[in-house]
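A short write-up of the structure that comes next.
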Amino acid sequence: MIIVDRLLAERAAAGRPVRVGMVGAGFMARGIANQIVNSTPGMDLVAIANRTLARAAACYAEAGITTPRAVSSVPALEQAIRDGRPAITDDPMLLVEAEGIDCLVDVTGAVEHGARVTLAAIKARRPVVSMNAELDGTVGPLLRRMADEAGVIFTGSDGDQPGVQMNLFRFVKSIGLTPLVCGNIKGLQDPYRTPVTQAAFAAKWGQDPHMVTSFADGTKISFEQAIVANATGMTVAKRGMLGRDHAGHVDELTRMYDVAELRRLGGVVDYVVGSKPGPGIYVLATHDDPKQRHYLNLYKLGEGPLYSFYTPYHLCHFEVPISVARVVLCGDAVIQPLGAPMVDVVATAKRALRAGEVIDGLGGFMTYGEAESYATSRAQGLLPMGVAEGCRLKRDLPKDAALTYADVDLPAGRLIDRLRAEQDAMFPATASNDRQARVAAAE
């Protein structure tokens with residue numbers, strides 16, 4: 001949104017910067033901190049919360065701020081904000097409760113921790129820009145409903161591929177076309193990758209091996225495309241999506257889909273491996289007006305029936321301040337669920353699993369996530385990937401088996417399980433099918 005540059009300039013000139021609190025201090029958070037501090041006039045990163053204070057301090061240090069103030073109470077944080085002194089804390093709830101913060105950014109990537117922070121923020125009527133796709137893909141529809149009731153915005157971010165897809169989806173719809181595919185361009189997809197196989201890549205780029213593994217094994221893209229599906233009313237063509245290997249240009253994908261089937265499904269989310277230009281995203285759309293199809297052909301988009309639109313990059317942390325500005329200054333969410341979930345992410349065995357084992361975390365050695373329709377996930381009692389960590393297996397399972405709730409014992413006392421149960425009760429499995437039909441009819 002180009003308008004936000006002018007609005008931020010006005011805030012800078014007035015000495016009233018948008019004040020941001022960030023939860024998390026990992027690889028992506030360091031980029032966000034640097035972007036806000038050094039490249040976003042009209043916005044201040046007033047506080048960072050992280051379990052390890054040293055990492056929060058390092059986050060600021062990389063951006064050139066070497067003397068943040070450590071705080072351990074709400075009054076201390078509020079005083080630091082009044083003094084114009086960046087603050088660090090190991091208690092994220094201070095950022096939720098303190099006056100003087102306009103928006104929270106969740107960069108934790110942790111489902112349970114992110115759920116606690118996000119739920120508290122919503123209850124405190126504080127908007128949240130989330131880079132926590134894992135949380136959004138597990139209970140995003142419920143959190144959006146709660147945020148609406150509280151009168152605040154819970155949204156994904158620009159820069160991340162779901163947000164980039166949603167921006168392009170909105171553009172394509174705004175010029176009169178009907179999007180039928182929202183896609184993600186990947187360079188690698190191998191469900192059996194582990195933190196060992198990805199260790200060298202992670203070390204090269206200063207990233208966490210488990211996070212890198214979740215990119216490689218398909219878990220992350222499943223969460224990302226589930227978010228897009230839930231925001232657009234689309235579904236998946238099959239469990240795991242179609243996921244073609246195609247080394248050509250994304251424009252060539254227009255010849256690889258059955259348009260009638262896409263219409264019947266109400267549109268699908270998908271991905272492609274190896275296409276150019278990558279790593280980016282694409283939207284394939286139709287137009288029912290023959291006069292406009294003539295113009296689209298003139299403008300070099302071809303004869304249809306599918307037309308290709310794409311963004312050849314995603315810039316992640318660079319665009320997070322734009323998302324914050326959209327929320328705070330324009331009241332505009334980047335990407336959020338429409339209502340009932342359309343697509344779930346289900347846990348699948350990365351290797352043969354044995355009774356008594358406790359499932360490790362996302363991007364680990366035991367499971368990978370696959371996108372599946374929410375209706376199917378509910379009907380088959382499939383175990384959401386976002387709740388799989390920490391579950392104890394009750395029986396042996398073969399490699400590539402989809403896990404079910406009946407296969408595991410859940411850990412006691414987790415917030416994410418309570419939220420997921422509440423979401424499932426709020427949105428019966430038939431709701432996603434009904435919504436898909438309404439979206440298709442409307443188009």
Side-chain angles (χ1 to χ4, degrees), residues 111 133-141 184 186 189-194 210 213-230 234-243 265 268-271 273 340-411 414 416-417 420-421 423-424 427-433 436:
V111 175
E134 296 80 4
L135 175 64
D136 197 343
T138 304
V139 291
N184 203 320
K186 288 203 67 178
Q189 177 85 349
D190 179 358
Y192 311 119
R193 294 297 176 108
T194 72
H210 288 80
T213 301
S214 76
F215 301 157
D217 70 10
T219 299
K220 187 73 168 184
I221 198 171
S222 296
F223 277 116
E224 290 181 340
Q225 296 310 92
I227 293 170
V228 175
N230 292 340
M234 293 181 173
T235 186
V236 290
K238 66 174 187 176
R239 182 177 298 173
M241 299 176 282
L242 295 174
L265 292 170
V268 302
V269 293
D270 202 5
Y271 70 93
V273 178
M342 296 298 296
V343 170
D344 206 359
V345 181
V346 300
T348 309
K350 189 175 285 191
R351 59 165 174 79
L353 303 178
R354 298 289 176 249
E357 289 188 301
V358 175
I359 298 173
D360 58 1
L362 303 176
F365 295 87
M366 299 175 68
T367 58
Y368 60 93
E370 289 188 292
E372 175 60 280
S373 76
Y374 175 74
T376 298
S377 176
R378 291 292 307 283
Q380 297 181 9
L382 300 179
L383 183 69
M385 188 68 178
V387 305
E389 181 178 357
C391 292
R392 186 176 296 276
L393 288 152
K394 297 161 65 175
R395 56 178 64 93
D396 294 349
L397 291 170
K399 183 179 179 179
D400 294 322
L403 280 67
T404 70
Y405 274 106
D407 294 326
V408 300
D409 288 320
L410 299 174
R414 293 193 308 186
I416 191 61
D417 297 315
R420 179 60 192 225
Q423 175 173 287
D424 288 345
F427 301 110
T430 55
S432 61
N433 288 338
Q436 182 176 315

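Hydrogens, waters and symmetry mates play no part in the numbers below; they use all other heavy atoms, side chains included. In this chain, numbering begins with 1 at the start of the sequence shown.
Note: Asp217 CG to His210 NE2 = 11.0 Å, rounded to the nearest 0.5 Å. Taking CG of Asp344 as the reference point, atom CZ of Arg378 lies at 9.0 Å (rounded to 0.5 Å). In this structure, CZ on Phe215 lies 14.5 Å from CZ on Arg193, to the nearest 0.5 angstrom.
Closest non-hydrogen pair, Ser377 versus Val346, comes out as OG-CG1, 3.7 Å. Counting all heavy atoms, side chain and backbone alike, Thr138 lies closest to Glu134 at OG1-O, 2.7 Å. Taking each heavy atom of Ala347 and Ala388 in turn, the nearest pair found is CB-CB, 4.0 Å. In this structure, Glu370 and Thr348 approach most closely via the heavy-atom pair OE1-OG1, 3.0 Å. Between Arg392 and Gly356 the shortest heavy-atom distance is NH1-O, 2.8 Å. Between Phe223 and Gly137, the shortest heavy-atom contact is CD2-CA, 3.9 Å.
Considering only heavy atoms from C-beta on, Val139 stays 4.5 Å or farther from Val111 through its side chain. Within the 4.5 Å cutoff, the side chain of Tyr374 has no heavy atoms near those of the Met342 side chain. Side-chain contact between Ile416 and Glu389 is absent, with no heavy-atom pair separated by less than 4.5 Å. Under the 4.5 Å side-chain criterion, counting only non-hydrogen atoms from C-beta, Leu403 is in contact with Leu353. At a threshold of 4.5 Å between non-hydrogen side-chain atoms, the residues Pro191 and Lys399 do not count as touching.
In this structure, Asp270 contributes its side chain and Gly243 its backbone to a donor-acceptor pair below 3.5 Å. Remark: side-chain polar atoms of Thr219 are not paired, donor with acceptor, to backbone N or O of Ser214 under 3.5 angstrom. Under the 3.5 Å distance criterion, the side-chain polar atoms of Tyr271 are left unmatched by any main-chain donor or acceptor of Gln189. The backbone N or O of Gly363 lies less than 3.5 Å from no partner atom in the side chain of Lys220, so there is not a single donor-acceptor pair. Side-chain atoms of Asn230 never come within 3.5 Å of backbone atoms of Ile227 as a donor-acceptor pair (strictly under, hydrogens ignored).
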In residues 380-387, what donor-acceptor pairs under 3.5 Å come from side-chain atoms, sequence neighbours left out?
| from | atom 1 | to | atom 2 | distance (Å) |
| --- | --- | --- | --- | --- |
| Gln380 | OE1 | Arg239 | NH2 | 3.0 |

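For residues 354-365, the pairs satisfying salt bridge (charged side-chain N to carboxylate O under 4.0 Å, His left out) are Arg351-Glu357, with sequence neighbours left out.
Neither side chain, Tyr368 nor Asp190, offers a donor N or O lying under 3.5 Å from an acceptor on the other.
Applying the side chain to side chain contact (heavy atoms under 4.5 Å, CB included) rule to Ala371 yields the partners Ser222, Val236, Met241, Val343; only residues at least two apart in sequence or on another chain are considered.
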- [ ] Determine, stepwise, if the pair Asn184 / Val228 fulfils side chain to side chain contact (heavy atoms under 4.5 Å, CB included).
- [x] CA-CA 10 Å; Asn184 203 320; Val228 175; over 6 Å; no
